[in-house]
Amino acid sequence: MSMSGRKLLLFISLSIVELPVEASHFRGGTISWKPTGNGNEVRFSFKLGWTYGGGPGCTPNKVGQLVTGQSSQYWKCTSGCSGTVNLANINYICTGASVSDNWEQGENTFTYTFPGIGPYTVEFTGGAWVSLDFGSAGSWSVGTVVYLANRSDTHTKNKSPVTTGKPMYTIQYGCQATIRIPVVDDDGDTVRCRWSTGSECVSICNALPSATIDSNTCTISFPANHTSNGKYAVAVSVEDYPKSTITIGSEVYTTSTKMSTVNLQFLVQTPSVSGNCNDKPRFISPTPAQGSTIQTNILQIFHLSFYVTNTRSITKVDITSPAGMTYTSLQSVPSQPGSVFVTTTWTPQQNQVGIHIVCALAEDSIGKTSESRCININVNDVSPCLSGPCQNNGTCVRNGMTCTCVPGFTGRFCEIDINECSSRPCQNGGTCLDLINRFECQCVPGYTGTQCEIDINECASNPCENQATCNDLVNFFNCTCLPGFTGDRCQIDINECEPGPCIFLFDCEDRINEYHCNLIEWKLALIILTFVMLSLFVICVFTYIFKRKTYKDIDHSWLANFVDIQQSDMQSKALFNRKIPFRRF
């Protein structure tokens with residue numbers, strides 16, 4: 001069997017490996033490849049489309065930015081490798097999005113070094129497509145076959161053809177439609193297109209009713225009359241053929257032997273809109289002609305404008321572009337009322353050397369769309385270091401255009417200041433300050449150390465008094481006092497005498513966690529003396545009272561015979577000779 005037959009057999013024998021989370025969101029895509037010149041290293045370029053919000057996250061304001069909403073889904077080597085090998089995730093740089101048409105699209109590149117010349121089958125598989133009005137919306141496979149033997153005509157490895165397309169084309173219902181698929185080939189080979197078959201298209205083979213394809217011009221023709229507001233899937237395989245008989249490795253390739261195949265898949269919708277089928281927006285000068293090629297260099301700013309006009313107002317111009325290209329909103333043409341233009345801006349990178357396709361599609365206020373206008377951009381390789389692409393003192397290396405960054409920076413152009421705070425090194429609520437190749441932590445009160453890892457010991461200064469126990473807390477301390485002490489530092493000896501526990505005869509002596517009542521001797525002596533004096537006084541009073549009462553009870557009439565004692569004693573002696581009764585008292 002020939003090499004091309006083996007590759008076809010390998011491709012058709014692919015099976016669907018998994019059903020990723022993007023079920024019912026898929027809107028097609030394509031992948032192409034070319035060797036880098038570094039052994040068996042291959043650079044792949046892919047474009048994928050999803051329903052709006054169903055992919056990695058492309059929005060109109062993120063065009064030109066990397067979106068990373070699907071890091072768990074992969075392009076895989078499913079044949080020729082040692083088992084199934086994940087090559088790269090499907091995240092991409094946003095190239096376009098439409099809220100009204102419900103799609104987003106992006107493009108990205110990745111490299112992989114294979115162990116030999118192959119062939120190898122590389123694909124992204126899953127299920128299922130969005131709902132369709134013809135055929136079944138089942139699983140998908142977007143892939144290619146890589147064969148890395150040298151060609152006899154160029155003495156280099158073959159490069160696959162390149163194609164592109166919108167996730168969804170709008171064709172007026174009831175009109176005869178044509179869609180020309182843009183194709184280019186870096187080797188200058190003949191490129192032909194055909195309907196995909198077998199595992200190339202899985203569930204959407206022949207899903208566009210009554211359609212034909214011109215293999216030489218890659219033009220699809222069909223009547224858009226199957227269903228009003230219908231939705232259909234298209235799967236096309238793009239192949240390159242040598243212009244004369246050559247050999248690749250040990251295999252002979254004639255002008256009718258394909259060398260490689262890439263898949264292209266997209267959707268077609270057929271809205272019912274009024275008006276003549278030919279009454280639709282059209283591109284005007286100075287827009288470059290369909291299929292023309294423009295030269296540019298890597299790291300050189302490139303601009304391309306698309307001008308369009310119509311009797312009705314133009315509402316949008318969708319751009320299908322290479323990764324990193326941005327474009328303006330609609331701009332009016334001052335000298336041509338009703339005409340608008342969109343300008344694209346792109347700075348091709350080293351990994352984008354070769355031919356790229358930019359396509360524009362205009363839509364007017366009632367939903368009619370123009371023919372697709374596609375321009376080829378041939379990116380030439382020049383020394384990328386001439387423009388000084390490395391930022392932040394990075395050193396440019398010509399081979400592969402890489403930048404050797406100084407510590408603290410990363411990225412292809414050393415444009416990214418490494419966030420040393422990304423690992424959250426600051427502990428205990430500290431705030432991390434990202435500096436160049438280092439970080440600093442601003443600690444919350446109570447912590448210290450380069451990473452705020454040290455809880456400051458507020459007890460280190462022995463703040464607690466009177467043998468109290470210090471409890472170290474965050475940014476403060478407290479003291480557990482021994483019995484008898486209080487205060488925030490146990491500095492206060494509790495006065496146990498404060499409530500006056502001793503009676504008045506005793507003096508309270510404050511001790512540690514207790515008190516003692518000491519007898520006040522002079523108070524006791526004073527009380528005793530007072531008691532004695534009071535007792536004597538009472539005795540005297542009672543004696544007096546008693547004597548007075550006794551005196552009153554005695555007959556004192558005999559005293560009447562006495563002369564007044566205050567007078568001179570003139571009584572006769574006879575007075576004293578009388579016998580006077582005597583009573584002892």
Side-chain angles (χ1 to χ4, degrees), residues 3-4 7-8 10-11 29-47 75 77 80 87-88 107-114 116-123 142-165 181-194 218 236-249 251-255 257-264 291 293 295-298 322-323 348-358 374 376-381 400-401:
M3 180 61 67
S4 60
K7 289 188 286 184
L8 177 60
L10 281 168
F11 203 89
T30 186
I31 187 170
S32 60
W33 57 271
K34 60 182 176 182
T36 64
N38 182 21
N40 292 323
E41 183 182 58
V42 176
R43 176 171 290 110
F44 294 89
S45 177
F46 69 87
K47 189 184 296 287
W75 289 97
C77 176
L87 304 186
E107 181 175 313
N108 208 351
T109 62
F110 65 90
T111 58
Y112 185 78
T113 302
F114 291 96
I117 63 174
Y120 304 99
T121 300
V122 174
E123 62 177 344
V142 177
T144 186
V145 176
V146 177
Y147 183 52
L148 299 175
N150 284 335
R151 298 172 51 146
S152 61
D153 56 344
T154 63
H155 306 289
T156 60
K157 297 174 175 61
N158 187 51
K159 306 178 185 67
S160 77
V162 177
T163 185
T164 189
I181 298 172
V183 293
V184 291
D185 187 89
D186 279 345
D187 295 318
D189 298 318
T190 301
V191 179
R192 302 189 185 108
C193 300
R194 60 173 173 83
C218 292
V236 174
S237 292
V238 180
E239 300 170 332
D240 57 346
Y241 296 81
K243 291 184 176 180
S244 60
T245 301
I246 63 171
T247 59
I248 302 180
E251 300 292 327
V252 176
Y253 289 79
T254 69
T255 56
T257 309
K258 67 178 181 182
M259 294 181 288
S260 62
T261 303
V262 297
N263 293 337
L264 173 66
T293 300
Q295 303 292 328
T296 189
N297 297 324
I298 60 170
Q349 305 304 309
Q350 177 69 37
N351 62 357
Q352 293 176 312
V353 172
I355 301 177
H356 300 263
I357 304 171
V358 180
C374 295
N376 301 327
I377 304 173
N378 188 19
V379 179
N380 300 299
D381 187 14
M401 210 308 288

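A distance of 12.5 Å separates CD in Glu251 from OG in Ser152, rounded to the nearest 0.5 Å. Atom OG1 of Thr113 is separated from atom CG of Asn38 by 6.5 Å, given to the nearest 0.5 angstrom. One finds the CD atom of Glu107 at 7.5 Å from the CD atom of Gln352 (value rounded to the nearest 0.5 Å). Note that the CG atom of Asn150 and the CD1 atom of Ile117 stand 8.5 Å from one another [nearest 0.5 Å]. Here the CD1 atom belonging to Ile31 is positioned 12.5 Å from the NZ atom belonging to Lys47, to the nearest 0.5 angstrom. One finds the CD1 atom of Ile181 at 9.5 Å from the OG1 atom of Thr30 (value rounded to the nearest 0.5 Å).
Closest heavy-atom contact between Lys157 and Pro35: CB-CG, 3.3 Å. Taking all atoms of both residues into account, the shortest heavy-atom contact from Leu87 to Cys77 is CG-N, 3.8 Å. Scanning both residues, Leu148 and Gly116, for their nearest heavy atoms gives CD1-O, 3.7 Å. Ser260 and Val145 get closest at one heavy-atom pair: CB-O, 4.4 Å. Shortest non-hydrogen contact noted between Gln295 and Asn380 is OE1-ND2, 3.1 Å. Contact detail for Pro161 and Glu239: the closest heavy-atom pair is CG-C, 4.1 Å.
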Item to check | side chain to side chain contact (heavy atoms under 4.5 Å, CB included) assessment of Met259 paired with Ile248 | outcome: CA-CA 9 Å; Met259 294 181 288; Ile248 302 180; 3.6 Å; yes
Next on the checklist: Applying side chain to side chain contact (heavy atoms under 4.5 Å, CB included) to Val142 and Glu123, what does each step give before you reach the verdict?
Outcome noted: CA-CA 5 Å; Val142 177; Glu123 62 177 344; over 6 Å; no
Item to check | Steps toward side chain to side chain contact (heavy atoms under 4.5 Å, CB included) verdict (Val238, Thr261) | outcome: CA-CA 6 Å; Val238 180; Thr261 303; over 6 Å; no
Checklist entry - Going through the distances and angles, do Thr163 and Ser32 end up as a side chain to side chain contact (heavy atoms under 4.5 Å, CB included)? => result CA-CA 8 Å; Thr163 185; Ser32 60; over 6 Å; no
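Contact check on Asp187 versus Arg151 returns a salt bridge, with a Lys/Arg side-chain nitrogen under 4.0 Å from an Asp/Glu carboxylate oxygen.
Looking at heavy atoms from C-beta onward, Phe46 lies in side-chain contact with Asn108 at the 4.5 angstrom threshold. Using a 4.5 Å heavy-atom cutoff, the side chains of Lys243 and Thr255 are not in contact. Looking at heavy atoms from C-beta onward, Val252 lies out of side-chain contact with Thr257 at the 4.5 angstrom threshold.
Under the side chain to side chain contact (heavy atoms under 4.5 Å, CB included) test applied with Val184, the options Asn378, Ile377, Ile355 reduce to a single match, Ile355.
Counting only distance, with no hydrogens or angles, the side chain of Thr109 and the backbone of Ser45 share no donor-acceptor pair below 3.5 Å.
For the 3.5 Å distance criterion, the side chains of Trp33 and Thr144 qualify, holding a donor opposite an acceptor.
Arg43 forms no cation-pi arrangement with Phe110, by the criterion of a distance under 6.0 Å to the ring centre and an angle within 45° of the ring axis.
Between Phe44 and Trp75, the distance from one ring center to the other does not fall under 6.0 angstrom. Between Tyr112 and Phe114, the distance separating the two ring centers is shorter than 6.0 angstrom.
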